[in-house]
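Have a look at the structure below before the remarks.
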Amino acid sequence: MHKKLFIPGPVEVAPEILQAMATPMIGHRMPEYALLHRGVKEKMKILLFTGGKVFLATSSAFGVMEGAVRNLVGKRCVNFCNGAFSDKWHDVARRCGKEADAVKVEWGKPVTPELVDQALATGRYDAITMIHNETSTGVMSPLPEIAAVLRKYPDVVSIVDTVSSMSALKIPVDELGIDCCIFGVQKAFALPPGLAVFTASQKALERCKGIDGRGYYFDFLEFDAADEKDNTPSTPCISQIYALDRQLERIFAEGLERRWERHREMATFVREWVQERGYGFFVDQPYRSLTLTCAVNTRNTDLPALKKSLGERGFAFDDGYGKIKGKTFRIPHMGDMQMADLREFLSVVDQVLPMP
Ligand SMILES: *Cc1c(COP(=O)(O)O)cnc(C)c1O
């Protein structure tokens, strides 16, 4: 039996998308591929509000997260760490042999403009990494306010992970001045995993040129050269790019405003459920994520037992991530999920949960 996914990634994939993946294969050096690639790129630029470069990488998000560090950190970078994925990103930067400092923020708290300003004012850094929506803790950091600070530091390249937020709300890449925006597709985009998308500003591409050790697979300049021919440096995951093309069509058919509104509605609905059932919130407002809610298990619910019961009823449930597993649980509201899906899921949770 397929368990319907109510975990924060990978998320449930629409049958139409799975079908798009069954499109007969083409060669990536055939004109058919260039046409597909170009279409995806053009649609993506509209969705991301960018006139800059958009590249497709055959990897999960961390491939490009590592690649960005290798391509864009010259002198030293600062990594803002407020959850499992951003903590890991700092570790990755160090493993790549980069000079990197972590600014540790308590889990559940956002990265703030003040923290960014403090770090960059030292003049020690030429790059910054941060995660917009920390999926491990359900915190969404205030990007517009952080972007305003970044504008004071034009020599700093900003690398922002939007894996679990891109397309759920407006993230205008150029207006925010994000030099490299990265996301995988198995979360907010509701595609099967294995494809990552990233942007590169002119500043980012200039930076790469002076940096040694960019490697090959994630060399941004290789991507840029291939882009001239609407192509990728090595063989891309063509089936997933067909799926992405279809998903972009579906996103525009829904309408961006409507999509953003749906995510706000779902977030409100889940937060109300959490509150009414007597659970706490791991994140204070206004930093609660629009794409998942991280609840504190204040009722001491036996989460592994809940997970098991839900599994038997055909639902995959998440009982927390990393060091806050068991203490918290997460309910996703991203991708193609609709209010009706959440109502169905939460009513089953209600049936299974012992009353307080
Ligand atoms: C899931 C996730 C990642 C890791 O992505 P992979 O696809 O596993 O490489 C990175 N950042 C965020 C915010 C995530 O949610």
Side-chain angles (χ1 to χ4, degrees), residues 5-13 48 55-70 79-93 95-96 102 105 107-111 128-143 146 158-169 171 173 178 180-199 217-218 236-237 240-241 243-244 247 263 267 282-283 287-294 316 318 320-325 328-335 337:
L5 300 180
F6 282 87
I7 55 174
V11 301
E12 205 55 28
V13 177
L48 273 51
F55 302 125
L56 305 177
T58 294
S59 73
S60 77
F62 256 112
V64 181
M65 289 160 78
E66 173 167 328
V69 165
R70 293 184 67 175
N79 310 120
F80 286 88
C81 299
N82 64 333
F85 295 108
S86 43
D87 287 357
K88 186 77 200 166
W89 207 356
H90 173 59
D91 178 40
V92 168
R95 290 190 197 200
C96 289
V105 177
W107 278 32
K109 300 275 189 279
V111 176
I128 154 183
T129 73
M130 66 165 282
I131 291 185
H132 174 223
N133 190 63
E134 241 305 347
T135 320
S136 60
T137 62
V139 69
M140 202 170 244
S141 293
L143 262 191
I146 291 169
S158 55
I159 313 169
V160 181
D161 163 328
T162 58
V163 169
S164 56
S165 54
M166 183 54 83
S167 85
L169 69 159
I171 305 176
V173 169
I178 302 172
C180 179
C181 180
I182 303 167
F183 51 94
V185 296
Q186 78 274 25
K187 292 180 189 169
F189 273 78
L191 298 184
L195 170 64
V197 181
F198 65 108
T199 69
Y217 196 69
F218 292 107
C237 46
Q240 270 160 323
I241 296 172
L244 177 58
Q247 189 66 311
H263 281 86
F282 194 61
V283 177
Y287 303 114
R288 280 178 205 151
S289 169
L290 283 171
T291 57
L292 76 148
T293 296
C294 187
D318 172 89
Y321 191 99
K323 66 185 185 192
I324 52 173
K325 193 180 181 72
T328 61
F329 60 94
R330 300 175 301 167
I331 301 174
H333 27 89
M334 63 176 85
M337 200 182 277

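Sequence positions, counted from 1, serve as the residue numbers for this chain. Order of listing sets the numbers, starting from 1, for every ligand and every atom in it. Source: prediction; values computed, not measured.
In this structure, a donor-acceptor pair under 3.5 Å is present between the side chains of His132 and Ser165.
A search for ring pair (Phe, Tyr, Trp, His ring centres under 6.0 Å) contacts involving Phe85 returns Tyr321, not counting sequence neighbours.
A donor-acceptor pair is defined here as one N or O able to donate and one able to accept, closer than 3.5 Å; such a pair exists between the side chain of Ser136 and the backbone of Ala84. The closest donor-acceptor contact from the side chain of Thr58 to the backbone of Cys237 lies under 3.5 Å.
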Stepwise side chain to side chain donor-acceptor pair (under 3.5 Å) test for Asn133 and Thr291: CA-CA 8 Å; Asn133 190 63; Thr291 57; 3.0 Å; yes
Verdict with supporting geometry, Thr293 and His333, side chain to side chain donor-acceptor pair (under 3.5 Å): CA-CA 8 Å; Thr293 296; His333 27 89; 2.7 Å; yes
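Listed as neighbours of ligand 1 are Ser60, Ala61, Phe62, Met65, Phe85, Ile131, Asn133, Thr135, Asp161, Val163, Gln186, Lys187, each bearing a heavy atom under 4.0 Å from the ligand.
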